[in-house]
K.L.:
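Starting off with a structure, shown below.
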Amino acid sequence: MTSDSKESRELSDRYNPSEVESRLYKWWEESGFFHAEESSTKPPFCIILPPPNVTGHLHLGHALNQSVMDCLCRWKRMSGYNVLWLPGTDHAGIATQSVVEKKLLEEGTNRKDLGREKFLEQVWAWKEQYGNRICEQTRRMGSSLDWERQVFTLDEGVSKAVTKVFVDLYKQGLIYRGTRLINWSSKLESALSDLEVEYKDVKGSIWHIRYPLADGSGSLVVATTRPETMLGDTAVAVHPLDERYKDFIGKEIALPLTNRKIKVIADEYVDREFGSGAVKITPAHDFNDYEMGKRHNLQFINILNRDGSLNEQCGEYQGLKVNLARKKVIEDLEAKKFLVKVEPHQHSVGHCEKSGCVVEPFLSEQWFLKMQTLADPAMRVAESGTVKFEPENWTKTYLHWLHNIQDWCVSRQLWWGHRIPAWYCDNCDFITVSEKSPKECGGCKGKNLRQDEDVLDTWFSSQLWPFTTMGWPEENELQKTFYPTDILVTGHDIIFFWVARMIMAGLKFKGDVPFRTVYLHGLIRDSQGRKMSKSLGNSVDPVEVIEGYGADALRFTLLSQIASGRDLKFSQQRLEGNRNFMNKIWNAARFTLSVLEDFEVPEDGYIPSSSDLSAADRWIVYKTGKCEDEVHKALQNHRFSDAANAVYSFAWHEFCDWYLEFIKPIVYGENASEKKATQLVLAQTINRLVRLLHPFIPFISEEIYQKLPIRKDVLMLDSYPTPSKDKAWLAIGSEQSALEMDLVREVITAIRNIRGENRIKPGVKLKSRVAPKDDKGQKIVSANRNAIMSLARLEQLDIQQEGSLAKCAVTPVSISGIHLEVVVPLEGLVDFDEEIKRLTKVLDKVRKESAGISKRLSNENFLKNAPEDVVELGKKQIDELSAQIKVLEGALERFR
RNA sequence: UGGGGUGUAGCUCAGUUGGUUAGAGCGCCACGUUGACAUCGUGGAGGUCAGCAGUUCGAAUCUGCUCAUCCCAACCA
């Protein structure tokens, strides 16, 4: 224990978050308090930070995410664990390339003009600037990350690992190159995975077009939302059992506008009810048509260029973008009388998640990863509970997705990312896939090799994050100590993108799950429940919040609201409320320190003699233990809001509202040994309180801690208080002391209530008589006379059974079998009407309650079936209530 | 169409295995600066627990149905 001089124990008048936060964070970081040992006698605890993108800045989602992780890490660190919280950033291929391209556009240039090399230089410059900025912002949250181990997804080591994984998977036949229909973003000019497509409902039209038979013997009508794709039609399909089209099957159609001949085929996929019951088939531009094209061996005609314009297959329409082509095709169809009708039609259209453009199904040669063999073990670990999802209903969502998993298109036609380690030969068709740049073709030994231009999907490297951050594929101590990590904390929006893939990759390459628990929190919405987005202008910058309210207030707000995976609404009011909480704690600490000015720290383990301890002293120690227990259990179950709320109500409504008020007459009083005992309880309690608070509000707690008379050097390295520790100290408190305080509090509240309801000003001191019904009550009230007088603002307190009741307010009080009456003479103070009103109200309430219980007790079935203690309780209550009714009726009678 | 949430005070949400009078924060009303704090204190008002039916001595809690609302997935020629 450390004891400081008086001067250093003072806290400034006002808490200044920004000054304190930057000073303390710097101190913590430079002292190496965030650093984890590669191996240690302490048990390990490890969390990998979901790496933020280097695109821009932190948003509230990060703030939430980090508040949770930092709370866990600080709690575990204080609980004696060797804690590694591993930071890093993500290159975020598409996202970062997009923002840089946007910037270039504003500067009047573009990536194609710059060329690959120059463009990448620009992106790296961007990364330097924003990558650092985002780390600075993360520091401002107070996140206790081991910065010495920071990793970036394009670091050399990580890149090597990514390449190795690609090569291994290729050699095992799990990665293959193939020409298939994929999602294509014509704005990015790149392939996308299924997950990167966002479906939105769009109001469009459905066009009915007449398709004549080639032999002139008739025609049928097809319905389509995309008439321009008819340029790529290679069949018309009808249902085999559809009577209307029976005779058409097998015949040829002369496609309008081009006059190309296509067949009418029969396929059960066709819905007879929809549209005309005849479907145009465009295998190269629709996923269903693609499947049908394969089934019927149809021709695949690609009508698009990479930029979304129509290609040379389209004759006079060549060069037009899809929208314009559609317009022209319709005009031409109408002019040539092929257009039958147009109807409005709402349907969902895939959009590129990043660029916003319409996604085209596009026939293209890409790299794919076979997922089925990876998915199977990933399903098993979720089923067996080796990986636990919290809340657990996400397990179902996860399994469902894995069950229906499709191969993953991993190549992107971008420049920013991990280049695909594949080389093509100019002489033969052989593809050389290798970790190192090959000298010759693996097939024909030719020397003219070109590396694949494409890069890998960002998530391809992200899936390896839990072990590439630890230096894999090299074996090392770090991985032995910390892999598998303990818990992944993330939003449920990336459960497929990231969580599922990490599990598959971890099992594949490390032979073990990457984390034991997946904690999925909800997303942050604005106060109206809308998603936060830049376009809506409702997104909140956490740094601005921190500047206005302090990091602690922000953290506490988020932590006190996060529960059971639900989305949470962010409100200014809550933030203010919690800023006020910080203020409350600050002031409570200031007051505490002023009370402890002349306090001398006794030896370790010293316990004051019980005669010197007040009821409040024993009570607050008891409540401290209760609160510690609650917080500890809540944290173990990841119920952060429960933990935050428990500590909040303890700090404010028990410690501040009652304890600090209660001890005032003692610490300002004459009895030196009582004062000393109380000072010790106060010093110990505030010490435990700030330790308890630290994982939630690290800055203000550490700042206060540094001024406390009883403390160690650093709060964040001190131990986390739990009832299992310091049993000798906590034994001061007891259930009995809680009971005693409850009674005292009830008496005080009763007098305050009489004062308030009768509009007696707080400045007016009252006389009161407390009439205990037995010795126990008598003793308790007497022992706490000073506190009652002070907190109820009395000038006189008589404790006696007998006394006048005339013109007196009377309130019965009962606590666990102890009964007493609180009597306040009102003569000359008030108009009695108010008191009559008050008494009537109380009486009504008590009668109602009594009636309810009587009714239950008179029910034979209840007496027969209910457990004995429930029945007993009811009987006891009826007795108490009846006594109270009598007292209240008497009081009321005397006023009439 | 399928899957999953949610519906409790004016607002945001707690409410464990059914069991006293359903809680908190903010907001609201009244009074107030008493030697930490007006970012405060004391007192108070405010709820048919979405609706209906059922199980039970007893339901916010369990079951079924209905309504509202949100998210995810699929289909959409």
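Residue numbers begin at 1 in each chain, while the letters A, B, ... track the order of the sequences.
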K.L.:
Take atom P in B:rC62 and the same atom in B:rU16, then report the distance between them in whole Å.
P.N.:
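To the nearest whole Å, 8 Å.
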K.L.:
Classify the ring geometry of A:His345 against A:Phe274: parallel below 30°, tilted from 30° to 60°, perpendicular beyond 60°.
P.N.:
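The rings of A:His345 and A:Phe274 stand perpendicular, inter-plane angle above 60°.
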K.L.:
How would you label the contact of A:Arg226 with the nucleic acid (heavy atoms, under 4.0 Å): base, sugar-phosphate, or nothing?
P.N.:
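Nothing, no nucleic acid heavy atom in range.
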K.L.:
OP1 or OP2 of B:rC57 versus the side-chain N and O atoms of A:Asn865: is any pair under 4.0 Å?
P.N.:
yes
K.L.:
With a 4.0 Å cut-off on heavy atoms, is A:His345 in touch with a base, just the backbone sugar-phosphate, or nothing at all?
P.N.:
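Sugar-phosphate contact only - A:His345 comes under 4.0 Å of backbone atoms but never of a base.
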K.L.:
Measure from the ring center of A:His492 to the ring center of A:Trp394 and say whether it is less than 6.0 Å.
P.N.:
yes
K.L.:
Looking for any heavy atom pair under 4.0 Å, which part of the strands does A:Thr225 touch: base, sugar-phosphate only, or nothing?
P.N.:
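Counting heavy atoms under 4.0 Å across all strands, the contact made by A:Thr225 is with sugar-phosphate only.
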K.L.:
Using a cut-off of 4.0 Å on non-hydrogen atoms, how would the nucleic acid contact of A:Ile281 be classed: base, sugar-phosphate, or nothing?
P.N.:
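If one applies the 4.0 Å heavy-atom cut-off, A:Ile281 turns out to touch nothing in the nucleic acid.
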K.L.:
Is the NZ or CZ atom of A:Lys675 positioned over A:Phe599's six-membered ring, under 6.0 angstrom from the centre and within 45° of the axis?
P.N.:
no
K.L.:
Can you tell me the pairing partner of B:rC62 across any strand shown, Watson-Crick or G-U wobble, with both distances under 3.5 angstrom?
P.N.:
B:rG54
K.L.:
Considering the options A:Tyr15, A:Tyr648, A:Tyr549, which one meets the ring-ring contact (aromatic ring centres under 6.0 Å, His included) requirement together with A:Phe581?
P.N.:
A:Tyr648
K.L.:
Does the side chain of A:Lys841 get closer than 4.0 angstrom to OP1 or OP2 of B:rA45 through an N or O atom?
P.N.:
yes
K.L.:
Looking for any heavy atom pair under 4.0 Å, which part of the strands does A:Arg752 touch: base, sugar-phosphate only, or nothing?
P.N.:
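Result for A:Arg752 = sugar-phosphate.
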K.L.:
Once you apply a heavy-atom cut-off of 4.0 Å, does A:Glu661 come out as touching a base, just sugar-phosphate, or nothing?
P.N.:
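If one applies the 4.0 Å heavy-atom cut-off, A:Glu661 turns out to touch a base.
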K.L.:
Give one of base, sugar-phosphate or nothing for A:Arg579, where a contact means two heavy atoms less than 4.0 Å apart.
P.N.:
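Contact class for A:Arg579: base.
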K.L.:
Between A:Arg755 (side chain only) and A:Val764 (backbone N and O only), is there a donor and an acceptor less than 3.5 Å apart?
P.N.:
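Present.
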K.L.:
With a non-hydrogen cut-off below 4.0 angstrom, is A:Trp652 in contact with a base, only sugar-phosphate, or nothing?
P.N.:
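Sugar-phosphate contact only - A:Trp652 comes under 4.0 Å of backbone atoms but never of a base.
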K.L.:
Verify the stacking flag for A:Tyr668 against B:rG35: centroid separation must be under 5.5 angstrom and the ring planes must differ by under 30 degrees.
P.N.:
yes
K.L.:
Is any N or O donor-acceptor pair between the side chain of A:Lys584 and the base of B:rC37 shorter than 3.5 Å?
P.N.:
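Present.
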K.L.:
Would you indicate what A:Lys761 reaches in the nucleic acid, counting non-hydrogen atoms under 4.0 angstrom: base, sugar-phosphate, or nothing?
P.N.:
sugar-phosphate
